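Quantities reported herein were computed from a predicted structural model and do not represent experimental measurements. In what follows, every heavy atom counts, from backbone to side chain, and hydrogens, waters and symmetry copies are set aside.
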Amino acid sequence: RATQEKGIDRIMDFVDRLEAAGKDFVVLLCSPIEQTPARIQARIKASSRILVIPPSLYSQELLRCADYGLMLSRLESFCYAVHEMLQRQIPVIVSKIPAFEEVVQDGKNGYILEDDFSNLDIEKIFNKIPKVKPYIEEVDPTWFKVLKGEL
């Protein structure tokens, strides 16, 4: 969702920094923007670097061409999108929050950015795209018992 808690303003700041660095890129924003504040909607619509993609079951196919998944949320308890990208071996660029720090290893399967972007290294992001090993999350065996009705 392109909302405040999901960090849409941070995404816009990130885009601004990449543009200022003269980088060639495009952001595929797979979200409706109607719930986004009007000033940010206007910036999104004016940007030639952001393509708004309506939500669809087929949006997942876009992951095949992604260099990174970008999630700059302010708060998450899990964030399915980050887990899905890592499972598909797509590195991620995320904000520094506990849910992301549990699964993202800075420089190995993505990059973790400070709130103020003080550690943003654009050259590293463009020139050292991490090669992500398959991400497999172990399931507590207790859940198999629960699903079988044994507990």
Side-chain angles (χ1 to χ4, degrees), residues 1-140:
R1 294 186 313 272
T3 57
Q4 290 296 106
E5 76 278 2
K6 292 291 187 182
I8 189 61
D9 56 323
R10 292 180 195 196
I11 290 172
M12 297 308 297
D13 290 344
F14 184 79
V15 165
D16 290 345
R17 288 170 188 251
L18 296 183
E19 285 181 328
K23 295 300 182 183
D24 192 20
F25 68 97
V26 65
V27 172
L28 303 176
L29 181 63
C30 298
S31 173
I33 62 169
E34 292 76 27
Q35 64 218 24
T36 305
R39 65 179 173 70
I40 296 177
Q41 280 187 45
R43 285 181 65 197
I44 291 169
K45 291 176 183 176
S47 176
S48 62
R49 300 290 187 167
I50 300 173
L51 298 176
V52 178
I53 311 289
S56 157
L57 292 174
Y58 305 108
S59 297
Q60 289 181 335
E61 295 306 315
L62 294 171
L63 294 175
R64 292 183 198 197
C65 64
D67 290 319
Y68 288 100
L70 181 62
M71 294 297 295
L72 299 177
S73 304
R74 288 184 161 71
L75 180 66
E76 294 281 353
S77 61
F78 181 77
C79 193
Y80 182 77
V82 166
H83 289 258
E84 182 179 21
M85 286 180 251
L86 293 175
Q87 287 170 347
R88 292 176 179 238
Q89 297 178 265
I90 300 167
V92 293
I93 299 170
V94 298
S95 48
K96 187 176 183 173
I97 59 174
F100 296 154
E101 290 178 301
E102 288 176 15
V103 294
V104 179
Q105 298 170 346
D106 195 62
K108 294 192 190 287
N109 61 354
Y111 295 106
I112 300 173
L113 299 179
E114 298 287 343
D115 286 344
D116 62 359
F117 293 141
S118 59
N119 66 329
L120 175 60
D121 185 337
I122 294 172
E123 291 305 316
K124 184 166 58 172
I125 287 172
F126 274 80
N127 298 315
K128 294 188 179 185
I129 299 173
K131 301 290 184 219
V132 180
K133 294 179 181 173
Y135 176 80
I136 299 170
E137 199 164 332
E138 296 295 323
V139 177
D140 185 327

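Here the shortest heavy-atom pairing between Val104 and Ile112 reads O-CD1, 3.5 Å. Listed here is the closest heavy atom pair of Pro91 and Ile129: CG-CG2, 3.8 Å. Across every non-hydrogen atom of Ile40 and Ile8, the tightest pair is CG2-CG1, 3.9 Å. Here the shortest heavy-atom pairing between Cys79 and His83 reads O-CD2, 3.2 Å. A pairwise comparison of heavy atoms in Gly110 and Pro130 identifies N-CG, 3.8 Å as the closest pair. Across Ser31 and Val52, no two heavy atoms sit closer than the pair O-CG1, 3.4 Å.
A salt bridge links Arg49 and Asp24; the closest N-O separation between the charged side-chain nitrogens and carboxylate oxygens is under 4.0 Å. We find that Asp115 and Arg74 are not joined by a salt bridge, their nearest charged nitrogen and carboxylate oxygen being 4.0 Å or further apart.
Between the side chain of Gln41 and the main chain of Ile33, a donor-acceptor pair closer than 3.5 Å is present. With Ser59 contributing its side chain and Ser56 its backbone, the two residues share a donor-acceptor pair below 3.5 Å. Under the 3.5 Å distance criterion, the side-chain polar atoms of Tyr135 are left unmatched by any main-chain donor or acceptor of Glu84.
The cationic atom of Arg17 (NZ for Lys, CZ for Arg) does not lie both less than 6.0 Å from the six-membered ring centre of Phe117 and within 45° of the ring axis.
Within 6.0 Å of CZ on Phe78 lie more than 12 heavy atoms contributed by other residues, nucleotides or ligands.
Contact of the Phe25 side chain with the Val15 side chain is registered, since non-hydrogen atoms from C-beta on lie closer than 4.5 Å. The shortest side-chain heavy-atom distance between Met85 and Leu63 falls under the 4.5 Å cut-off. The side-chain heavy atoms of Val82 and Glu76, taken from C-beta on, include no pair separated by under 4.5 Å. Within the 4.5 Å cutoff, the side chain of Pro32 has no heavy atoms near those of the Pro54 side chain. Between Arg64 and Arg88, the closest side-chain pair of non-hydrogen atoms is not below 4.5 Å.
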Acceptor/donor pairs from residues 93-102 side chains to any protein atom, 3.5 angstrom cut, sequence neighbours excluded:
from: Ser95; atom 1: OG; to: Ser73; atom 2: N; distance (Å): 3.3
from: Ser95; atom 1: OG; to: Ser73; atom 2: O; distance (Å): 2.4
from: Lys96; atom 1: NZ; to: Glu114; atom 2: OE2; distance (Å): 3.3

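Shown here are the side chain to side chain contact (heavy atoms under 4.5 Å, CB included) partners of Ala66, two or more places apart in sequence or in another chain: Ile90.
Screening residues 119-135 for salt bridge (charged side-chain N to carboxylate O under 4.0 Å, His left out) gives Lys23-Glu123 as the qualifying pairs, with residues at least two apart or on separate chains.
Separation of atoms CG (Leu113) and CD1 (Ile125) is listed at 5.5 Å; rounding is to 0.5 Å. A distance of 5.0 Å separates CZ of Phe126 from CG of Leu18, quoted to the nearest 0.5 Å.
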